[in-house]
Amino acid sequence: MSIQYERFFRIRSYECDAYGHVNHANYLRFMQEAAIEASAAVGFDTRRYAEMGQFWLIRETDIEYISPLFYGDELIVRTWVVDFRRVRSRRRYEFFKKGEQHPVARATTDWVYLDRAERRPVAVPDEMVRAFLPDGSLPGAQHHEPFAHSQPPEGVHIHRRKVEWRDLDHVGHVNNAVYLSYTEEAGLDAARAHGWRLQNMFDEKWGIFTRRTRVEYFASAFLGDDLEIATWLSPPRRTSITRYHRIRRKDGGELLLRAEYVWVIVDLETGRPIPVPDSFVRAFQSNMSAE
């Protein structure tokens with residue numbers, strides 16, 4: 001059986017967005033912190049990884065948001081390993097408000113194990129597998145849901161930005177959670193380009209809440225890199241719509257990341273899902289794929 005680890009967080013004001021909810025990128029930050037500490041708890045802390053010349057890198061992330069978190073909430077993140085493959089491992093997470101039984105979010109990350117110097121995959125050491133699975137059991141491979149094959153429309157929006165020093169983590173590349181902020185910027189930039197103001201939603205008393213985030217990482221971005229973030233929408237599905245993102249190096253270069261955000265349209269007064277407003281569909285018609 002895999003060892004479970006729990007990490008306590010108290011939600012801080014700067015982790016919340018304009019709705020007053022914890023911003024979706026911060027869930028990934030909580031997950032990263034819990035995973036680092038869970039590894040340290042079984043003897044593999046950052047110093048030991050440095051001595052080994054190896055490290056874990058996130059390959060995929062999938063987060064399901066069930067109910068929002070607010071400033072001051074006391075949060076417990078429970079995490080455990082669900083499988084090991086030759087150079088990869090999958091970790092699962094559940095988020096609970098302190099004292100409650102039902103999770104407010106669930107997530108998984110798929111990690112790849114790399115040589116630090118050559119940045120190539122290497123086999124997970126047997127001693128590490130035994131540390132996480134002390135009874136010798138090895139969970140089987142988990143079902144993997146493929147990403148949607150959405151093709152960008154002619155009206156795909158391209159947002160450009162340069163990697164800054166503040167975007168980097170201790171490994172020296174753009175932190176995984178920062179990419180979610182990049183895509184959020186791209187979505188807001190697309191809204192401005194289509195004449196859509198966030199105030200429109202507040203005036204009409206509805207909002208866009210992220211129900212699910214899926215991200216697949218292909219390569220790293222580094223300080224000074226010029227990035228292009230392509231973004232477009234799916235056709236609406238009654239109360240939901242999906243925004244897609246692809247991040248490349250400039251001029252259509254190497255693909256670094258693809259992401260999908262399932263958005264649910266919510267009445268701000270009742271908190272209940274409502275059909276995607278016609279005004280929103282009309283504004284973004286040229287930015288929607290034909291799927």
Side-chain angles (χ1 to χ4, degrees), residues 1-12 14-15 22 24-63 69 73-98 103-139 141-142 166-180 213 215 217 220:
M1 176 178 289
S2 178
I3 292 177
Q4 293 193 355
Y5 182 82
E6 292 187 351
R7 173 64 152 85
F8 174 82
F9 298 89
R10 188 186 300 277
I11 303 304
R12 295 162 291 192
Y14 57 79
E15 294 168 331
V22 171
H24 65 283
N26 286 321
Y27 286 78
L28 183 50
R29 292 186 173 97
F30 297 151
M31 292 158 58
Q32 289 176 160
E33 189 71 15
I36 290 169
E37 292 192 8
S39 184
V42 297
F44 288 86
D45 58 12
T46 54
R47 177 178 296 181
R48 186 168 181 185
Y49 283 118
E51 292 170 350
M52 296 167 67
Q54 297 166 347
F55 69 107
W56 287 102
L57 188 69
I58 295 179
R59 184 69 169 82
E60 293 184 29
T61 294
D62 189 345
I63 309 173
L69 292 165
D73 281 347
E74 295 181 317
L75 173 68
I76 295 172
V77 178
R78 181 180 301 153
T79 182
W80 65 98
V81 171
V82 294
D83 75 12
F84 278 105
R85 286 147 287 161
R86 192 177 69 84
V87 299
R88 297 178 73 159
S89 179
R90 186 164 297 153
R91 178 175 284 280
R92 188 159 291 160
Y93 310 78
E94 290 183 336
F95 297 70
F96 297 88
K97 288 184 182 179
K98 186 177 179 181
V104 297
R106 299 186 183 93
T108 59
T109 49
D110 206 67
W111 300 77
V112 62
Y113 196 58
L114 299 177
D115 177 87
R116 187 178 294 270
E118 299 186 14
R119 302 186 74 85
R120 61 176 180 80
V122 293
V124 178
D126 289 340
E127 61 177 332
M128 187 180 297
V129 176
R130 290 193 297 270
F132 284 102
L133 304 169
D135 65 354
S137 64
L138 183 63
Q142 303 292 302
R166 63 184 177 183
D167 302 333
L168 307 182
D169 59 20
H170 70 282
V171 184
H173 61 208
V174 173
N175 181 265
N176 302 92
V178 171
Y179 287 106
L180 302 191
T213 294
V215 187
Y217 305 91
S220 298

Would you say [X] and [Y] make side-chain contact, with heavy atoms under 4.5 Å?
X	Y	answer
Ser2	Arg92	no
Tyr93	Arg7	no
Ile3	Phe132	no
Gln54	Met128	no
Phe30	Leu75	yes
Gln32	Asn175	yes
Glu33	Val77	no
Phe8	Lys98	yes

> Checking side-chain hydrogen bond (donor to acceptor under 3.5 Å, both in side chains) for the pair Arg91/Thr79: CA distance, chi angles, key distance, verdict?
Replying inline: CA-CA 7 Å; Arg91 178 175 284 280; Thr79 182; 3.0 Å; yes
[atom2] on [Y] to [atom1] on [X], rounded to 0.5 Å:
X	Y	atom1	atom2	value
Thr109	Tyr217	OG1	OH	9.5 Å
Tyr27	Thr213	OH	OG1	10.0 Å
Asn176	Leu28	CG	CG	6.0 Å
Arg12	Asp73	CZ	CG	13.5 Å
Ile11	Glu74	CD1	CD	10.0 Å
Arg90	Arg59	CZ	CZ	11.5 Å

>> With a 3.5 Å distance limit and no angle check, can you tell me whether Arg78 reaches the backbone of Gln4 through a side-chain donor-acceptor pair?
In response: no
Could you pull out the closest heavy-atom pair between [X] and [Y], with the gap in Å?
X	Y	value
Ala131	Phe44	CB-CE1, 3.7 Å
Ala40	Asp45	CB-CB, 3.7 Å
Asp83	Val81	O-CG1, 3.5 Å
Ser220	Arg119	OG-NH2, 3.7 Å
Tyr5	Ala34	CD2-O, 3.9 Å
Leu69	Val104	CD2-CG2, 3.9 Å

>> Is a donor from one side chain sitting under 3.5 angstrom from an acceptor on the other, for Tyr49 and Ser39?
In response: yes
> Taking it one step at a time, do Ile58 and Met31 satisfy side-chain contact (heavy atoms from CB on, under 4.5 Å)?
Replying inline: CA-CA 11 Å; Ile58 295 179; Met31 292 158 58; over 6 Å; no
>> side-chain contact (heavy atoms from CB on, under 4.5 Å) for Ile36 and Trp56? Distances and angles first, verdict last.
In response: CA-CA 10 Å; Ile36 290 169; Trp56 287 102; over 6 Å; no
>> Please evaluate residues Val112 and Arg120 with respect to the criterion side-chain contact (heavy atoms from CB on, under 4.5 Å), reporting the C-alpha separation (whole Å), side-chain torsions for both, the decisive distance (0.1 Å), and the verdict.
In response: CA-CA 9 Å; Val112 62; Arg120 61 176 180 80; over 6 Å; no
> Is it true that Arg85 and Asp110 make a salt bridge, defined as a side-chain N closer than 4.0 Å to a carboxylate O?
Replying inline: yes
